[in-house]
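Numbers restart at 1 for each chain; the letters A, B, ... are given by sequence-line order, proteins then strands.
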Number of protein chains: 2
Amino acid sequence: MERETAARLFESLASGARLDVFRLLVKQEPNGMNAGDIAASLGLPASTLSFHLKALTHAGLVTATPNSRFIRYRANVTVMFDLIGYLTDDCCGGQPGLCVDATATPCTTEDTLPSCKACA
Amino acid sequence: MERETAARLFESLASGARLDVFRLLVKQEPNGMNAGDIAASLGLPASTLSFHLKALTHAGLVTATPNSRFIRYRANVTVMFDLIGYLTDDCCGGQPGLCVDATATPCTTEDTLPSCKACA
DNA sequence: CTATCATTTCCATACTTCTGGAATCATAAA
DNA sequence: TTTATGATTCCAGAAGTATGGAAATGATAG
């Protein structure tokens, strides 16, 4: 991943409103939501939400697919995982056993999560 | 994690310079680096680097420990993993099998990575 | 005490982002 | 065609962020 791409992705998450939008869409995967439903769900004015949705889609964290008069927004979880991988890449210089022991459960199987690639 | 905390953390990563600094420190874990060495390594003016280090430490992603005339900076990987967990929390509404199948290797053991907690 | 060095703070300038009402666009139903 | 509705764009003011040279701070060595 390019550095400027990652910076743009993080910037698109650097506001409370956009975090709310993105996390809501992550929860709604893989169905997504219409802009109006997002606005109603979060209590945001339409123009404000549109501003933030544009930032998220332009960064690539969210996809927009028009459907008649509606536009369905979805979180792009692949990009999200790529971004996490970029952040944690070569963590601890690739030496195992140095990293934090954070407990968690992977998403689908035991080994499908991108993080700290070099620490294995 | 509080929403505003997460937004501040993402904002602290929303610039190419700060991404370079943080990723460099992630690689250097658990040793850290002095400000001067970071500046030399990345080719940044001292005042500019200080500005960005302040943003990272204020957000909590980086810790600073004075040591004689030097100040040693370290990446706070625990906060980083908490942030990843916040982003991926309740992914896909907690339903397994809906998420992307991203290939990766965990950091220390097979189950130490925080991500998509609800999808297990 | 003085010199030196690592780092931060100060400062002004330039630039970018955030917000939400009003206007606009686009699609679909009557 | 007219009307209603979902969604975006436009706009301007307010607020925040980035940059880097110069000055200040603070600690160590001689």
* Asked: At their closest point, which heavy atom of B:Glu29 faces which heavy atom of B:Val77, and how far apart are they?
  ->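 So the two residues come closest at CG-CG1, 4.1 Å.
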
* What closest approach, in Å, do B:Met80 and B:Val26 show between heavy atoms, and which atom pair accounts for it? ->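 Minimum heavy-atom separation between B:Met80 and B:Val26: SD-CG2, 4.4 Å.
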
* Asked: Taking the side chain of B:Lys54 as heavy atoms from C-beta outward, which of D:dT8, C:dT9, C:dT19 is closest to it?
  ->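 Per side-chain heavy atoms of B:Lys54, the pick is C:dT9.
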
Whole-Å distance between [N] [atom2] and [X] [atom1]?
{"X": "B:Leu49", "N": "C:dA6", "atom1": "CG", "atom2": "C1'", "result": "12 Å"}
{"X": "B:Glu11", "N": "D:dA18", "atom1": "CD", "atom2": "C1'", "result": "12 Å"}
{"X": "A:Asn34", "N": "D:dA7", "atom1": "CG", "atom2": "C1'", "result": "10 Å"}
{"X": "B:Arg18", "N": "D:dA18", "atom1": "CZ", "atom2": "C1'", "result": "9 Å"}
{"X": "B:Asp37", "N": "C:dT7", "atom1": "CG", "atom2": "C1'", "result": "13 Å"}
{"X": "B:Leu42", "N": "D:dT19", "atom1": "CG", "atom2": "P", "result": "13 Å"}
{"X": "B:Leu44", "N": "D:dG20", "atom1": "CG", "atom2": "P", "result": "8 Å"}
{"X": "B:Phe51", "N": "D:dG16", "atom1": "CZ", "atom2": "P", "result": "13 Å"}

* Considering residues at least two apart in sequence or located in another chain, which fulfil the side-chain hydrogen bond (donor to acceptor under 3.5 Å, both in side chains) criterion with A:Asn76? ->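 Checked A:Asn76 against side-chain hydrogen bond (donor to acceptor under 3.5 Å, both in side chains); zero matches.
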
* **For B:Arg23, all residues meeting side-chain hydrogen bond (donor to acceptor under 3.5 Å, both in side chains), sequence neighbours excluded** => A:Tyr86

* Find which nucleotide of DNA chain C each of A:Ser47 and B:Leu53 is nearest to by heavy atoms, and output the residue with the more 5' nucleotide. => B:Leu53

* **Of residues 55-74 of chain B, the positions that come close to DNA chain D - non-hydrogen atoms, cut-off under 4.0 Å** => B:Ser68, B:Arg69

* Asked: So, does B:Arg18 use its side chain to make a donor-acceptor pair with the main chain of B:Glu11 at under 3.5 Å?
  ->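 Yes; at least one donor-acceptor contact below 3.5 Å.
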
* Any side-chain N or O of A:Thr48 less than 4.0 Å from the OP1 or OP2 oxygen of C:dG20? ->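 Checking C:dG20 against A:Thr48, a side-chain N or O does come within under 4.0 Å of OP1 or OP2.
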
* Asked: Given D:dT19, is OP1 or OP2 found less than 4.0 Å from the side-chain N or O atoms of B:His52?
  ->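 Yes, such a contact exists.
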
* Contact class for B:Ala46 vs. all strands (heavy atom < 4.0 Å): base, sugar-phosphate, or nothing? -> base

* Asked: Linking I/L/V/M/F/W/Y whenever any side-chain heavy atoms sit under 4.5 Å apart, do B:Leu83 and A:Leu24 land together?
  -> yes

* **Check against side-chain contact (heavy atoms from CB on, under 4.5 Å), A:Asn34 and A:Tyr73** => CA-CA 6 Å; A:Asn34 298 333; A:Tyr73 286 93; over 6 Å; no

